[in-house]
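Below is one structure, written out as structure tokens; comments come after it.
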Number of protein chains: 2
Amino acid sequence: MPPRSTIAKFPLELVKTACSNCNLRELCLPLGLNDHELAKLDELVSARKRLKRGEHLYRSGQPFDAIYAIRSGFFKTDVLVEDGRDQVTGFQMTGELLGLDGISSEVHTCNAVALEDSEICTIPFTHLEGLSREIHTLQHHFHKVMSREIVRDHGVMMLLGMMRAEERLAAFLLNLSQRFTARGYSPAEFNLRMTREEIGSYLGLKLETVSRAFSRFHEDGLITVQQKHVRILDTQGLKKLMTHERE
Amino acid sequence: MPPRSTIAKFPLELVKTACSNCNLRELCLPLGLNDHELAKLDELVSARKRLKRGEHLYRSGQPFDAIYAIRSGFFKTDVLVEDGRDQVTGFQMTGELLGLDGISSEVHTCNAVALEDSEICTIPFTHLEGLSREIHTLQHHFHKVMSREIVRDHGVMMLLGMMRAEERLAAFLLNLSQRFTARGYSPAEFNLRMTREEIGSYLGLKLETVSRAFSRFHEDGLITVQQKHVRILDTQGLKKLMTHERE
DNA sequence: CGTGGCGTTTGATCCACGTCAACGTGAATT
DNA sequence: AATTCACGTTGACGTGGATCAAACGCCACG
């Protein structure tokens with residue numbers, strides 16, 4: 001969490017946004033940039049925006065012209081199909097980018113919804129491409145971020161394509177744990193920001209199945225769950241479960 | 001198919017590779033480039049390589065230093081997990097790029113296998129980044145290609161997460177048909193290059209289920225199938241089936 | 001021209017997860 | 001403190017696709 005008090009010390013122009021003063025430098029786009037380059041990136045990250053829980057950052061079908069970096073908060077992206085079904089395609093947290101899917105067609109192809117009050121940085125895409133042409137490091141890092149998204153999606157495909165319910169949930173919890181850890185939070189204890197139904201949609205399961213898997217893990221002493229509060233008791237156990245062969 | 005005879009007319013240096021003379025210009029990276037830019041791209045596409053059916057273009061774990069454009073042929077990418085399970089993450093055809101997943105960690109994260117005798121162009125990645133900084137159009141097009149891969153993966157996630165077996169196969173056939181069409185082949189008639197097992201792995205189904213779904217489509221007059229030969233008789237029927245609500 | 005082997009088809013049975021339904025729970029509102 | 005409502009849990013039952021098993025077709029090879 002960015003300490004509000006330090007922000008208040010800077011003149012307004014700087015407050016507006018400043019990658020150089022952002023504690024997400026090491027997670028987000030600025031990774032690896034020197035001071036001079038950071039200053040240039042500051043110029044292009046135009047607006048910071050706050051969203052309340054439940055608000056949409058963008059909707060499927062809207063024209064694409066910027067990607068977004070999450071400064072704080074938690075999002076989901078989902079796709080709705082005409083027949084009423086929908087699929088959550090991802091959960092995004094602090095330091096991660098939203099909107100990469102819109103580049104291909106210049107139209108957003110999914111909805112991005114804040115799952116808690118959040119703050120995001122807007123990065124106009126043509127500006128980013130311009131600066132990428134100047135700053136080699138930024139260009140390369142951006143390519144890595146896009147590629148990482150592809151790798152992540154392959155992981156989800158494996159999860160959906162060949163894991164059973166409990167394996168999926170174990171993988172999901174371990175993934176969350178690892179991402180919280182990378183952000184300096186406890187690897188073992190966290191609050192889920194999404195409902196059982198959203199987890200289910202992401203994992204290709206019904207909410208009842210998700211709930212039952214949670215209960216099972218609880219019974220087996222792998223975790224404790226109380227509503228949205230999860231504590232992981234046995235990481236190894238979850239890992240073993242995740243890759244368990246069905247003899 | 002590139003007519004061999006015209007190739008023979010050019011001096012060897014040009015034959016080695018030449019985007020400017022490639023009939024995939026409109027599908028592949030060169031899209032939108034002018035003659036001068038094309039000439040520069042020619043310089044960087046270093047090597048053409050032939051692979052026989054079954055050969056690996058790269059394997060998971062190998063260092064990444066280039067992406068590949070398919071000049072002719074057909075590939076699958078897959079990921080193997082220690083417990084013996086594997087998942088096909090995609091099928092790639094003429095004009096499509098392979099290896100984008102390797103950018104993030106500088107290591108390939110999947111295997112790319114030729115499903116028929118194929119020919120590919122090697123594009124050293126640092127060179128591509130360099131040229132992208134010079135040629136705005138190339139940069140933007142490359143970003144679009146990466147983004148399109150993300151969108152495609154989201155499509156597969158939806159397929160795996162919320163469609164039932166027959167819906168998945170219908171979506172798969174329609175997708176193939178559309179891609180063959182874009183390449184000037186018949187939209188209605190084609191030979192599958194992959195086995196039932198590979199289709200199943202891609203769709204998150206067992207080979208028996210794939211086989212049964214084929215038979216069902218055949219019975220219902222939607223397609224004809226004979227081993228690997230498929231003819232689509234009722235595109236609309238397949239589309240309706242694909243998005244069919246379960247009442 | 002058989003012969004072997006892989007890929008495919010088809011049938012019978014099983015089981016993981018979906019579906020339907022009832023009930024619990026906790027946070028917000030008054 | 002009472003009420004409400006969205007979310008979560010749990011049970012009983014049904015089913016789509018997995019699993020197991022057998023047979024068939026096609027191609028490569030001696």
Side-chain angles (χ1 to χ4, degrees), chain A residues 52-54 76 84-88 113 115-117 159-170 172-173 191-220 223-230 241 244-247, chain B residues 52-54 76 84-88 113 115-117 159-172 191-220 223-230 241 244-247:
Chain A
K52 289 222 160 294
R53 192 166 113 86
K76 72 166 177 182
R85 290 184 280 183
D86 74 330
Q87 167 92 19
V88 172
V113 187
L115 293 184
E116 63 183 27
D117 294 0
L159 189 139
L160 293 170
M162 61 190 206
M163 290 188 182
R164 38 187 62 204
E166 294 189 0
E167 294 170 345
R168 294 183 201 186
L169 187 64
F172 175 70
L173 290 175
N191 282 301
L192 300 171
R193 272 81 198 223
M194 68 296 279
T195 66
R196 300 288 188 265
E197 185 166 20
E198 286 163 337
I199 297 172
S201 172
Y202 181 62
L203 298 179
L205 302 169
K206 290 292 151 180
L207 67 95
E208 294 94 330
T209 307
V210 173
S211 179
R212 276 187 249 269
F214 268 123
S215 302
R216 186 81 204 288
F217 287 179
H218 198 149
E219 284 169 32
D220 294 353
I223 61 172
T224 62
V225 229
Q226 260 185 310
Q227 306 287 124
K228 304 235 192 258
H229 187 82
V230 174
L241 200 154
H244 190 264
E245 318 180 30
R246 328 58 167 310
E247 72 286 337
Chain B
K52 290 223 159 296
R53 190 166 115 87
K76 72 167 177 182
R85 292 185 279 182
D86 73 328
Q87 167 92 19
V88 172
V113 187
L115 293 183
E116 62 182 29
D117 294 359
L159 189 138
L160 292 171
M162 61 190 206
M163 290 188 181
R164 35 187 62 204
E166 292 188 3
E167 294 170 346
R168 295 183 200 186
L169 188 64
F172 175 71
N191 282 302
L192 300 171
R193 274 83 204 228
M194 69 296 279
T195 66
R196 300 288 187 265
E197 185 165 20
E198 285 162 337
I199 297 173
S201 171
Y202 181 62
L203 299 178
L205 302 168
K206 290 291 152 183
L207 68 96
E208 294 95 328
T209 307
V210 174
S211 178
R212 276 186 250 270
F214 269 124
S215 303
R216 186 81 204 287
F217 288 178
H218 198 149
E219 284 168 31
D220 294 354
I223 62 172
T224 62
V225 230
Q226 259 184 312
Q227 304 288 123
K228 304 237 193 259
H229 186 83
V230 173
L241 199 152
H244 191 265
E245 320 181 28
R246 327 55 170 312
E247 71 283 339

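A, B, ... follow the sequence lines: proteins, then strands. Residue 1 opens every chain.
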Original post:
For the atom pair CZ (B:Phe172) and CD1 (B:Ile199), what is the distance rounded to the nearest 0.5 Å?
Top reply: 4.5 Å
Original post:
If you look at every strand shown and take non-hydrogen atoms under 4.0 Å, does B:Leu207 touch a base, only sugar-phosphate, or nothing?
Top reply: base
Original post:
For the atom pair CE (A:Met163) and CG (A:Leu205), what is the distance rounded to the nearest 0.5 Å?
Top reply: 12.0 Å
**OP:** Starting at atom CZ of A:Arg53, determine the distance to atom P of C:dA27, rounded to an integer number of angstrom.
**Re:** 12 Å
Original post:
Roughly how many Å is it from CD in A:Gln227 to C1' in D:dC5, rounded to a whole number?
Top reply: 14 Å
**OP:** Among residues two or more places apart or on two chains, list those pairs meeting side chain to side chain donor-acceptor pair (under 3.5 Å) that have a residue in residues 202-216 of chain B.
**Re:** B:Arg152-B:Tyr202, B:Glu166-B:Arg216
**OP:** Output yes when A:Lys52 and A:Asp117 qualify as a salt bridge under the 4.0 Å nitrogen-oxygen rule, no when they do not.
**Re:** yes
Original post:
If only side-chain N and O atoms of B:Ser211 are considered, is one of them under 4.0 Å from the OP1 or OP2 phosphate oxygen of C:dT8?
Top reply: no
**OP:** Using a heavy-atom cut-off of under 4.0 Å over every strand shown, decide if A:Gly200 touches base, sugar-phosphate, or nothing.
**Re:** nothing
Subject >> Between C:dG26 (C1') and A:Arg196 (CZ): distance, integer Å >> reply: 13 Å
**OP:** Could you tell me the separation between the NE2 atom of B:His229 and the P atom of D:dC27, rounded to a whole number of Å?
**Re:** 13 Å
Original post:
Please give, in whole Å, the distance from C:dT13 C1' to B:Lys206 NZ?
Top reply: 17 Å
Subject >> D:dC26 OP1/OP2 closer than 4.0 Å to side-chain N/O of B:Lys228 >> reply: no
Close N or O pairs between protein and nucleotides 20-23 of chain D (under 3.5 Å):
| residue | atom | partner | partner atom | Å |
| --- | --- | --- | --- | --- |
| D:dC20 | N4 | B:Glu208 | OE2 | 3.3 |

Original post:
When you measure from the side chain of B:Ser215, which nucleotide among C:dC17, C:dG7, C:dT9 comes out closest?
Top reply: C:dT9
**OP:** Enter the distance from A:Gln227:CD to A:Asn191:CG here, rounded to the nearest 0.5 Å.
**Re:** 11.0 Å
**OP:** Return the value, rounded to whole Å, for the distance between atom CZ of A:Arg164 and atom C1' of D:dG17.
**Re:** 12 Å
**OP:** Decide if atom CD of A:Glu116 counts as having more than 12 heavy atoms of other residues, nucleotides or ligands within a radius under 6.0 Å.
**Re:** yes
Subject >> Between P of D:dG16 and CG of B:Leu160, the distance in whole Å >> reply: 19 Å
**OP:** Provide, to the nearest angstrom, the distance between the CD atom belonging to A:Glu197 and the C1' atom belonging to D:dT9.
**Re:** 15 Å
Original post:
Relative to the 5' end of DNA chain C, which residue comes earlier, A:Glu166 or B:Gln226, by the nucleotide with the nearest heavy atom?
Top reply: B:Gln226
Subject >> Verdict with reasoning, A:Arg168 to A:Leu160, per side-chain contact (heavy atoms from CB on, under 4.5 Å) >> reply: CA-CA 8 Å; A:Arg168 294 183 201 186; A:Leu160 293 170; 4.1 Å; yes
